[in-house]
Amino acid sequence: MPSISHSEVESYLTCRRRHYYSYVLKLEKNVSSQGQARGSVGHAVLEAFYREFIGNGIEAWDRAMTVAYDTFKKETRWNIVDDDKHLKLKEVLFDWYFPFEPYVSKGYEVVAVEESYRLMYDEELDLSYSFVVDMVLRDPQGRTLVVDHKFLNDFYTRMAAELQPQIPKYIGALRGLKHKVAYGEYNMLRTRPLKKSGNTLSDRQQQLTIEASSTRVLRSFQEQADVAEEITLLKTEPIEEIERRAWRVGSDHVCKFCDYRALCIAELNGEPTKLMLSTEYRTKKKRVTIPVSDDAE
């Protein structure tokens with residue numbers, strides 16, 4: 001069953017070559033970049049922390065903090081998460097985020113953490129949409145929201161967040177799975193030190209609410225479905241044809257931090273890549289999706 005994620009659509013629209021390496025050849029770097037490692041460890045810590053509150057409420061706070069710190073120690077054994085251009089991730093999480101935690105401490109109920117879903121939206125073409133939501137909450141007014149954690153150099157502006165389709169797609173897909181989701185939020189933690197304003201809470205963490213209209217949700221999901229259909233049809237072609245049509249965007253903004261930059265340049269220049277592929281890359285592991293029950297709220 002073809003299933004195209006938001007991340008795959010984003011990769012395809014950004015650079016066909018990056019999509020080819022990542023989602024056709026299914027390659028990933030053996031060693032993560034600083035930013036990727038920081039985000040990976042940060043997400044693991046927040047997942048461990050918030051999972052303790054499911055069905056338990058604020059009473060689980062002390063245990064959740066212990067689990068979060070244990071997870072941080074475990075994850076940082078295998079990931080380099082700091083450099084001189086960023087705050088220590090430990091400081092970001094334990095000095096700034098948890099002391100001013102914006103959800104459980106404010107009366108939000110944790111419903112789900114790092115849950116995987118699959119929405120079948122086109123039975124004729126056998127197309128589905130797979131996605132993983134960092135967190136599903138119920139706010140003090142009883143409304144359900146989705147939260148996506150972001151570890152960033154700089155916070156999203158309102159305009160940038162309004163243009164991004166990730167939260168609207170999640171809202172639409174969850175509504176399609178009979179979840180009564182009202183809105184979403186980007187939970188943003190800034191890891192870059194600031195020269196001017198210093199260290200205030202608003203400098204270190206912000207929550208940006210996305211009140212997506214029905215029109216916004218439908219348009220974002222329609223674009224997801226249209227691009228997913230194009231990708232699915234492309235993948236039926238012989239691998240040689242897919243490779244030929246994996247065009248490079250050739251933009252410094254896109255290419256500067258791309259994991260596949262060296263491989264891309266080597267192939268472009270006709271250089272051998274066998275050694276690079278065997279030493280610097282590995283095959284991605286497939287993530288298991290969890291089916292949603294028929295009585296989902």
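Atom set for the values below is all heavy atoms of this structure, side chains included, hydrogens, waters and symmetry mates excluded.
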Please list every donor-acceptor pair under 3.5 Å in which a side-chain atom of residues 261-270 meets a protein atom from a residue at least two apart or in another chain.
{"residue": "Arg261", "atom": "NH1", "partner": "Lys256", "partner atom": "O", "Å": "3.0"}
{"residue": "Glu267", "atom": "OE1", "partner": "Arg17", "partner atom": "NH2", "Å": "2.7"}
{"residue": "Glu267", "atom": "OE1", "partner": "Tyr21", "partner atom": "OH", "Å": "2.7"}
{"residue": "Asn269", "atom": "ND2", "partner": "Ile265", "partner atom": "O", "Å": "3.3"}

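In this structure, Glu223 does not pair ionically with Arg216, as no charged nitrogen and carboxylate oxygen lie closer than 4.0 Å. Using a 4.0 Å cut-off between a side-chain N of Lys or Arg and a carboxylate O of Asp or Glu, Glu162 and Arg158 qualify as a salt bridge. At a threshold of 4.0 Å, the pair Glu47-Arg51 counts as salt-bridged, since one of the basic side-chain nitrogens sits closer than that to a carboxylate oxygen.
Side-chain contact check for Tyr129 versus Tyr117: every heavy-atom pair is 4.5 Å or farther apart. The side-chain heavy atoms of Met135 and Tyr103, taken from C-beta on, include a pair separated by under 4.5 Å.
The environment of NZ in Lys274 is sparse: at most 12 heavy-atom neighbours from other residues, nucleotides or ligands sit within 6.0 Å. Within 6.0 Å of atom CD in Glu123, 12 or fewer heavy atoms from other residues, nucleotides or ligands are found, so the atom counts as exposed in its surroundings.
Checking Arg118 against Ser128 by side-chain atom types alone, a donor-acceptor pair falls below 3.5 Å.
Atom CG of Asp134 and atom CD of Glu115 lie 12.0 Å apart (nearest 0.5 Å).
In terms of modelled atom types and a separation under 3.5 Å, the side chain of Glu91 and the main chain of Asp95 share no donor-acceptor contact.
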- Could you go step by step and tell me if Lys235 and Glu8 meet the salt bridge (charged side-chain N to carboxylate O under 4.0 Å, His left out) rule? CA-CA 13 Å; Lys235 288 181 177 179; Glu8 180 167 0; 2.7 Å; yes
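By the 30° and 60° cut-offs, the orientation of the rings of Phe53 relative to Tyr50 is tilted.
Between Phe151 and His43, a ring centre-to-centre spacing shorter than 6.0 Å is recorded.
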